[in-house]
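Just so it is clear, the structure is predicted and the values come from calculations on it, not from any experiment.
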Amino acid sequence: MMQCSVTNYLIKQRLARVIAVQADVSDPSQVKVLFDVVEKAFEDQVHILIACMGIIDPTFPSIANMTMEGFEKALNVNTKGTFLCIQEDAHGYGAFLTSTAVVKEMTKIIAKELKGTKITTNYIGPGPIATESFLSLASKEMVEMCLNRLPLLRLGEPEDVVVTVGFLVSDNGEWVNGQVISVHGGPWS
């Protein structure tokens, strides 16, 4: 069993009481056992979760040449494993945030892999947009929360996002590449 360097450091410096538990984090039943073992050992629920699981294989080629098997192997540990640990320990928007984080990082990677093709790739992260889809799925309380937390005190309109898309696809947007662009009315308070 291999321990990560963070665990080794914490043990060596005696900064925390640490145990190592081997588990395949891409397997929901093993993640459950992992948390059960930790909670039993500390006689308490998990208070800190450091998501540092990951797999990298030097044989993984570029995205364009990667096999589906290799892609699924990396996703199962790196993304699904992180998601399962967060799911076991937390509540909220984890699934949404996890899935968008993957797309954001893929955007940056694809921009590099398309080097020399004059194809640009960017990610637009809209905030709450007053579309039929959003309004039909969001509760009244959710809409109110968004309105109260956004500095502009309004939901975005589709046109707010379309302007950014228009810029990116124009000749003026040529120099913007591999970026995560937030079009969400400002930071939430």
Between [Y] and [X], is there a side-chain heavy-atom distance shorter than 4.5 Å?
| X | Y | answer |
| --- | --- | --- |
| Ile129 | Pro126 | yes |
| Ile181 | Val183 | yes |
| Val143 | Pro128 | no |
| Cys146 | Phe134 | yes |
| Thr120 | Val176 | no |

| query | To the nearest 0.5 Å, how far apart are NZ in Lys140 and CE in Met145? | reply |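 Output value for this atom pair is 15.5 Å.
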
| Atom NE2 of His184 and atom CG of Leu155: how far apart are they, to the nearest 0.5 Å? |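 His184 atom NE2 to Leu155 atom CG measures 14.0 Å (nearest 0.5 Å).
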
| Under 3.5 Å donor-acceptor, Asn172 side chain and Phe167 backbone |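 Absent.
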
| query | Side chain of Asn177, backbone of Thr121: donor and acceptor closer than 3.5 Å? | reply |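 Yes; at least one donor-acceptor contact below 3.5 Å.
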
| request: Dump the intermediate steps for side chain to side chain contact (heavy atoms under 4.5 Å, CB included) on Ser182 and Tyr123, then the final yes or no. | output: CA-CA 8 Å; Ser182 297; Tyr123 174 92; over 6 Å; no

| Neighbour count >12 (heavy atoms, 6.0 Å) for atom CD, Glu174 |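 12 or below, so no.
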
| said: Evaluate Asp24 against Asn76 for side chain to side chain contact (heavy atoms under 4.5 Å, CB included), listing each step before the verdict. | reply: CA-CA 10 Å; Asp24 176 355; Asn76 278 340; over 6 Å; no

| field | side chain to side chain contact (heavy atoms under 4.5 Å, CB included) assessment of Val25 paired with Leu84 | value | CA-CA 7 Å; Val25 294; Leu84 290 171; over 6 Å; no

| query | Is the shortest side-chain N to carboxylate O distance from Lys32 to Asp27 below 4.0 Å? | reply |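 So Lys32 does not pair with Asp27 through a salt bridge.
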
| request: Just do the side chain to side chain contact (heavy atoms under 4.5 Å, CB included) check on Val180 and Thr107 with the steps written out, would you? | output: CA-CA 8 Å; Val180 173; Thr107 298; 5.7 Å; no

